[in-house]
Amino acid sequence: MKQSIQGEIKMAGTLSKRNGRGLSMPALEMFPQFRSIENMMSRMFDDGEDSWLGGAMAPTLDVSETDNEVDVKMDLPGMKPEEIDIQVHQNVLTIRGERSEETEEKDRTYHRVERRSGSFARSVSLPSAIDEDNVDANYKDGVLIIKMPKTKEAQAKKIAVKA
């Protein structure tokens, strides 16, 4: 029994399992869910800009499309429309802005401060070519909605089937 356990563990801290060809398979390959947990933990404790505990504010966004347009929705609570800059260039949408930092009151004890302030910039490649001259952006109730019509070439074309 002791030998079979040692055959299952290749080195300290790394679980591996022998496959039929005598090669070992790391735990991250045996259990794919470990890979997403490892990535999440790396992002959470990383000091870089994409981390949860540090770095710049990175608002969330959704990108969707229909036959005729590409839409983007981004959560930007507490901002004013004039604090948001939107640019489209060579099929890349860039959204920049800055949320002003609120001053803490001196006679108040803060137990938790999680709301972020500061500048942000998000760039995403668009899934289709868009008509850059007819982009429409609206900001309401903390949500930025950008509607971008596709170019005629990028729009789906219906093909009639002849009998």
### Task
Report the C-alpha separation of V135 and L93 in whole Å, then their side-chain angles, then the decisive distance to 0.1 Å, and conclude whether the side chain to side chain contact (heavy atoms under 4.5 Å, CB included) test is met.
CA-CA 11 Å; V135 174; L93 172 69; over 6 Å; no
Quick one: [atom1] on [X] to [atom2] on [Y], what's the gap to the nearest 0.5 Å?
X	Y	atom1	atom2	value
Q90	L126	CD	CG	12.0 Å
K147	K73	NZ	NZ	7.0 Å
D67	K150	CG	NZ	6.0 Å
T151	D133	OG1	CG	12.0 Å
L61	L76	CG	CG	9.0 Å
M74	F120	CE	CZ	5.5 Å

#### Entry: Derivation and outcome, side chain to side chain contact (heavy atoms under 4.5 Å, CB included), residues D71 and I145
CA-CA 7 Å; D71 296 336; I145 300 172; 5.7 Å; no
### hydrophobic_cluster_shared for V124 and I146, side chain cutoff 4.5 Å
yes
Taking all non-hydrogen atoms of both residues, which atom of [X] and which atom of [Y] are closest, and how far apart?
X	Y	result
N91	A129	OD1-CA, 3.5 Å
A121	R96	CB-CG, 3.7 Å
N138	D136	ND2-OD2, 3.1 Å
P127	E65	CB-OE2, 3.6 Å
G78	E83	O-OE1, 4.5 Å
M148	V88	SD-CG2, 4.3 Å

### Message
Is any side-chain heavy atom of T109 closer than 4.5 Å to one of H111?
### Response
yes
### Task
Indicate yes or no: at least one non-hydrogen side-chain atom of Q155 is less than 4.5 angstrom from one of P149.
no
### Task
For the pair V143 and D75, evaluate side chain to side chain contact (heavy atoms under 4.5 Å, CB included) and give the outcome as yes or no after the intermediate values.
CA-CA 5 Å; V143 179; D75 293 334; 3.9 Å; yes
### Query
Can you tell me if Y139 uses its side chain to pair, donor with acceptor, with the backbone of I84 under 3.5 Å?
no
